[in-house]
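Structure first, then comments.
In listed order, ligands and their atoms are each counted from 1.
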Amino acid sequence: MSQLVRFGVALEKNVLKEFDQLIRRRHYPTRSKAIGDLIRAELVNQQWESDILVTGVIALVYDHHRRDLVNHLVDVQHQFHPRIISSQHVHLDHHHCLEIIVAKGRAREVEELANLLQSVKGVKFGYLVRATTGKQL
Ligand code: NI
């Protein structure tokens, strides 16, 4: 961990009260940890905009009875195979599957992979978590 630096922050009283309630609900041990996480989340968003090396987690929910859909999802993943680190398939119920794909690459490539998967007809839920490799933070 790099060196810690203390700095002062002035906030409106009611904003701080709401913030303290929020971080209590989220079980943060200190304001410093909560503020640090907010800042890092914004820095990660900035990294994705500058197209550097990133990590992304793509979650998809779909009905596996639609074979054309399943084949399409597999084809897209094979197109991007050097970028995919792992994938996990969970059978949610008789019809539905949850697929979790972890990808690493340039932000633009990981965004493209997520867009291609989420937009497949029949995918009921698709979400990309924009994460970091951790090197820049
Ligand atoms: Ni399944």
Side-chain angles (χ1 to χ4, degrees):
M1 184 188 268
S2 61
Q3 189 188 359
L4 293 177
V5 178
R6 280 190 187 281
F7 67 100
V9 177
L11 271 180
E12 291 166 29
K13 202 172 183 178
N14 60 333
V15 173
L16 182 60
K17 190 178 159 198
E18 294 268 340
F19 185 67
D20 282 342
Q21 288 170 355
L22 174 73
I23 67 178
R24 250 195 313 278
R25 282 197 302 274
R26 293 191 180 175
H27 306 288
Y28 272 98
T30 62
R31 284 177 181 159
S32 290
K33 164 77 173 141
I35 290 168
D37 281 5
L38 286 173
I39 292 170
R40 276 190 291 275
E42 191 52 35
L43 292 173
V44 168
N45 281 337
Q46 289 297 308
Q47 289 174 357
W48 275 73
E49 285 173 22
S50 60
D51 200 38
I52 63 163
L53 197 64
V54 295
T55 310
V57 182
I58 303 160
L60 305 168
V61 174
Y62 56 88
D63 184 338
H64 76 100
H65 289 115
R66 298 189 55 163
R67 293 292 170 195
D68 52 336
L69 175 156
V70 176
N71 286 339
H72 196 148
L73 292 178
V74 171
D75 285 347
V76 171
Q77 290 184 64
H78 276 270
Q79 281 172 37
F80 282 79
H81 74 88
R83 305 287 169 260
I84 295 176
I85 297 169
S86 76
S87 65
Q88 182 178 24
H89 185 107
V90 178
H91 311 301
L92 293 175
D93 59 30
H94 184 70
H95 296 280
H96 296 100
C97 302
L98 166 67
E99 203 152 322
I100 301 161
I101 298 149
V102 179
K104 185 176 168 186
R106 299 275 156 209
R108 204 177 308 130
E109 296 168 326
V110 179
E111 291 268 8
E112 178 72 354
L113 171 62
N115 289 337
L116 287 170
L117 293 170
Q118 289 169 343
S119 63
V120 172
K121 197 174 174 193
V123 170
K124 294 184 173 183
F125 174 84
Y127 194 78
L128 168 64
V129 176
R130 291 170 181 81
T132 173
T133 60
K135 285 181 183 165
Q136 288 82 17
L137 295 179

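Shortest distance from the Ni ion (ligand 1) to His91 is reached at ND1 (N/O/S atoms only).
A distance-only check finds no donor-acceptor pair linking the side chain of Trp48 to the backbone of Thr132 [under 3.5 Å].
Rounded to the nearest 0.5 Å, atoms NZ (Lys121) and CZ (Arg66) are 6.5 Å apart.
Proximity of His94 to His65: side-chain heavy atoms (C-beta onward) are separated by under 4.5 Å at one or more points.
One of the N, O or S atoms belonging to His89 lies under 2.8 Å away from the Ni ion (ligand 1). Backbone or side-chain N, O or S atoms of His96 do not reach the Ni ion (ligand 1) at under 2.8 Å.
Ionic pairing of Arg40 and Asp37 is present here: one or more N-O contacts between side-chain nitrogen and carboxylate oxygen are shorter than 4.0 angstrom.
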